[in-house]
Amino acid sequence: MTLRLTNTLSRAKEVFTPLVDRRVAIYCCGVTVYDLCHLGHARSYIVWDVLRRYLSWPGQSGGAYQVTFVQNFTDIDDKILNRAAEQGLAMEEVSERNIMAYFQDMDALNILRADSMPRATACLDGIRALIAELEHKGAAYSADGDVYFAVMKQAGYGKLSGRDLSEQQEGASGRTTGEEDARKHHPFDFALWKGAKPGEPSYPSPWGPGRPGWHIECSAMVRQELGDTIDIHLGGADLIFPHHENEIAQSEAASGKPLARYWLHNGMVNVGGEKMSKSLGNFTTIRALLASGVSPMTLRLFVLQAHYRKPLDFTLEGLEAAATGWKGLSAALALGSTHQAALGWSEHQVVAPASLPEDLKAIRERFQEAMDDDLNTAAALGELFELARPLRALANRLRIGDLPSAADQAQSLRWQLLVELAGVLGLQPDQSGSTPLSGSNPGRSAEPARLAPETAASAATSSAATPATPATTAVATPAAVASVAPSGLSDAAIEALVVQRKAAKAARDFASADSLRAELKAQGIELVDKPGGVTVWLRG
RNA sequence: GGCGGCAUGGCCAAGUGGUAAGGCAGAGGAUUGCAAAUCCUUUACCCCCAGUUCGAAUCUGGGUGCCGCCUCCA
């Protein structure tokens, strides 16, 4: 079993072999911090987070890789300047604000922070040095305060995106700025350094004051943080051309060595068949979605149910399906801690495959095979669901006050394996207030069972009516949650109502019984009638 | 015009030569006075045509449809 990854360079799945044994150097293209992140960003970083977690997994065949993960912030750019001008802020204020928001959003999605997150404005020395080097080597030329990369001088330009410059229709999109073109030797030459324009922030350089172009940032940061050749370079498929192509040209012209051995690209998030993007205005921000009651793990599940290279259509229905699916998975995952006292299972640890019974071992192997096969998270999730099924059933029985049997107790390994494998995908039980359960039959539930999490997303699920909104609206999400107010009733008061209802039922006064049930429901109290006339209640 | 990708049940989505994972929804059943919740069971021959093969969703050719990139973009 070896990890195979689709390398955009070869358009084929290749066996992954790191440059240095058991160590992996990864660079991931980060965001331009002019606005909040949307679901497209969420998908990208969730998927790469899973790659990182998988490589770092101790259960990885051959042992965990030691991963160094670098991701940048582009904090100087036209769009940031525009935004700053619109809002009457300094460029730094805009970028700082959005960097903070980035961390909040990604932390919420349980995305591990990179080992290093360089910012363009803090790497200017490296950028200038790299440009100077390219100029010395004849790969770049300056013109009126700008510096351009000479595309035609770089053999192999186009190898990542499969483009042959001579076959490209120049300006196929009909968008060229004549002024800049006049300074370029070739239409595909791109700016390494842009001469300062009046009123814009600028930095000194041998070519005059100005600021770096976008592509050169990444080349300089990779070199500074990780060296000439890295193992894996990550990014969205929309970055293949021109960004990554240019990055390769710059870095390889300077070092004479390959920039990255493996180039991985994630597919886009679509809305109604179109790419979600800022410019189309059809985006939903991560925080808007989370604020609408969709849990972070639901979003993770939604993303991971598709293969990372394929486009993923964002729909309300898909999100609801993920929410319901997560509810079950989550109940199983939370089992050990939720029912700690009843089960006495120890906190999760890495399970030695040798200690697993055959059926669990087989599941674990299939999980690993799926992940090894170009991160087939959809198939891997299938194994997780299989692992979870009996645990979910157990969790639901315990939830309504049943006591675990000896056979239930024996499920400990299954649960530990589930927690471990789910962790590889970054899936973990939601942090939410758990609520004690009370049974009206005193003899039954000495065990303080707790309510399964994911109340938020299931509530979002039930309010399905909101239609997908047109592009002008920033948020296309389930309606806000808040369907049930937290109950102000005391346990004793609830008990009393449950007893009343029981009496009404005994008297076959079902109308009263049902209205009592409705009354409690309005207070967020769920009644579960179990066989044998036993009713338990749960706070919602 | 160039480059790349996709097309699997009601929806989403795995599956690259041997007779279709999983999730959601639906249906049936158990439980219930009813409901909810929960549990069990259950639903496909894979866009079209022509080939290769003992055998194809999976390979080849053609067609149709859709998407991404060629401009900032995860």
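Chain identifiers are assigned alphabetically (A, B, ...) following the order of the sequence lines, protein sequences preceding nucleic acid strands; residue numbering begins at 1 within each chain.
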Query raised in the report: Think A/Lys194 forms a cation-pi with A/Tyr148, using NZ or CZ under 6.0 Å from the six-ring centre and within 45 degrees of its axis?
Result: no

Query raised in the report: What interatomic distance, in whole Å, is found between C1' of B/C46 and the corresponding atom of B/U19?
Result: 12 Å

**Report entry** Side-chain donor or acceptor of A/Asp146 paired with backbone N/O of A/Gly195 under 3.5 Å
**Finding:** yes

Query raised in the report: Which nucleotide in the set B/A37, B/A25, B/A74 lies at the smallest distance from any side-chain heavy atom of A/Thr324?
Result: B/A25

Requested in this report: Take atom P in B/U71 and the same atom in B/C66, then report the distance between them in whole Å.
Outcome: 23 Å

Query raised in the report: What integer number of Å spans the C1' atoms of B/C6 and B/C12?
Result: 15 Å

Report task. May I ask you to check whether A/Ser405 and A/Asp408 show a side-chain donor-acceptor distance below 3.5 Å? Result -> yes

Requested in this report: Remember a base hit wins even if backbone is also touched, and classify A/Ile240 as base, sugar-phosphate or nothing at under 4.0 Å, heavy atoms.
Outcome: nothing

Requested in this report: From the options B/A14, B/C67, B/G33, select the nucleotide whose nearest atom is closest to the side chain of A/Ala378.
Outcome: B/A14

Report summary line: Applying the 3.5 Å cut-off to both distances, the Watson-Crick or G-U partner of B/G26 turns out to be B/U42

Query raised in the report: Taking the C1' atom of each, how far is B/A13 from B/A30, in whole Å?
Result: 30 Å

Query raised in the report: Is A/Asp359 salt-bridged to A/Arg414, cutoff N-O under 4.0 Å?
Result: yes

Query raised in the report: Among B/A74, B/A37, B/G33, which nucleotide sits nearest the side chain of A/Ala513?
Result: B/G33

Query raised in the report: Among B/G23, B/A37, B/A74, which nucleotide sits nearest the side chain of A/Cys29?
Result: B/A74

Report summary line: Picking from B/G68, B/C24, B/C69, the nucleotide nearest the side-chain atoms of A/Ala321 would be B/C24

Requested in this report: Write down the distance separating the C1' atoms in B/G26 and B/G1, rounded off to the nearest Å.
Outcome: 47 Å

Query raised in the report: Are A/Arg83 and A/Tyr34 in a cation-pi contact, defined as NZ or CZ under 6.0 Å from the six-membered ring centre and within 45° of the axis?
Result: no

Query raised in the report: B/G61 pairs with which nucleotide, Watson-Crick or G-U wobble, both distances below 3.5 Å?
Result: B/C49

Requested in this report: Write down the atom of A/Met268, the atom of A/Arg43, and the distance for their closest heavy-atom approach.
Outcome: O-NH1, 3.1 Å

Query - Under-4.0 Å side-chain N/O to phosphate OP1/OP2 contact, A/Arg392 with B/C39 - result: yes

Query raised in the report: Side chain of A/His41: nearest nucleotide among B/C34, B/C39, B/A74?
Result: B/A74

Query raised in the report: According to a strict under-4.0 Å criterion, is A/Lys310 in side-chain N/O contact with OP1 or OP2 of B/U8?
Result: no

Report summary line: Closest to the side chain of A/Glu526, out of B/C72, B/G68, B/A37, is B/A37

Query raised in the report: Where the side chain of A/Asp514 is defined as all heavy atoms beyond and including C-beta, which of B/G33, B/C67, B/A37 is the nearest nucleotide?
Result: B/G33

Requested in this report: Pick base, sugar-phosphate or nothing for A/Val269, based on heavy-atom distances below 4.0 Å to the nucleic acid.
Outcome: base

Report summary line: Nearest heavy-atom approach of A/Leu299 to A/Val294 is N-CG1, 4.5 Å

Query raised in the report: So does A/Asn376 get a side-chain nitrogen or oxygen closer than 4.0 Å to the phosphate oxygens (OP1/OP2) of B/G15?
Result: yes

Requested in this report: Remember a base hit wins even if backbone is also touched, and classify A/Val528 as base, sugar-phosphate or nothing at under 4.0 Å, heavy atoms.
Outcome: base

Query raised in the report: NA contact type, A/Gly30, heavy-atom cut-off 4.0 Å: base, sugar-phosphate, or nothing?
Result: sugar-phosphate

**Report entry** Complement of B/A36, any strand, by Watson-Crick or G-U distances under 3.5 angstrom
**Finding:** none

Query raised in the report: At under 4.0 Å between heavy atoms, what does A/Arg501 touch on the DNA or RNA strands: base, sugar-phosphate, or nothing?
Result: base

**Report entry** Interatomic distance, A/Leu316 CG vs B/G10 P [rounded to whole Å]
**Finding:** 21 Å

Query raised in the report: Considering all heavy atoms of both residues, which atom of A/Thr285 and which atom of A/Leu36 are nearest to each other, and what is their separation?
Result: CG2-CB, 4.1 Å

Query raised in the report: For the side chain of A/Asp529 and the base of B/A36, is some donor closer than 3.5 Å to an acceptor across the two?
Result: no

**Report entry** Rounded P spacing from B/C24 to B/C40 in Å
**Finding:** 12 Å

Report task. Report which part of the nucleic acid A/Gly40 touches: base, sugar-phosphate, or nothing (heavy-atom distance under 4.0 Å, all strands). Result -> base

Report task. Have a look at A/Leu527 and say if it touches a base, only the backbone sugar-phosphate, or nothing, with a 4.0 Å heavy-atom cut-off. Result -> base

Query raised in the report: Closest to the A/Lys275 side chain: B/C72, B/C24, B/G68?
Result: B/G68

Query raised in the report: Checking all strands, does A/Phe302 fall into the base, sugar-phosphate, or nothing category for heavy-atom contacts under 4.0 angstrom?
Result: nothing

Query raised in the report: Which part of the nucleic acid, if any, lies within reach of A/Ala393 when heavy atoms closer than 4.0 Å are counted: base, sugar-phosphate only, or nothing?
Result: sugar-phosphate

Report task. Have a look at A/Phe385 and say if it touches a base, only the backbone sugar-phosphate, or nothing, with a 4.0 Å heavy-atom cut-off. Result -> sugar-phosphate

Query raised in the report: Touch check for A/Glu317, heavy atoms < 4.0 angstrom, all strands: base, sugar-phosphate only, or nothing?
Result: nothing

Query raised in the report: Between B/C40, B/C72, B/U16, which nucleotide gets closest to the side-chain atoms of A/Arg389?
Result: B/C40

Query raised in the report: What does A/His38 touch in the nucleic acid at a heavy-atom separation under 4.0 angstrom: a base, only the sugar-phosphate, or nothing?
Result: base

Query - Pair of N/O donor and acceptor under 3.5 Å linking B/G15 base with A/Asp373 side chain - result: no

Query raised in the report: Given B/C39, is OP1 or OP2 found less than 4.0 Å from the side-chain N or O atoms of A/Asn396?
Result: yes

Query - Any strand: nucleotide that pairs with B/G68 via Watson-Crick or wobble, under 3.5 Å - result: B/C3

Query raised in the report: Does the base of B/C69 carry an N or O that pairs as donor and acceptor with the side chain of A/Arg163 under 3.5 Å?
Result: yes

Query - Base B/C72 to side chain A/Asn82, donor-acceptor N/O within 3.5 Å cut-off - result: no

Requested in this report: Measure distances between side-chain N and O atoms of A/Arg517 and base N and O atoms of B/A36, and say whether any donor-acceptor pair falls under 3.5 Å.
Outcome: no

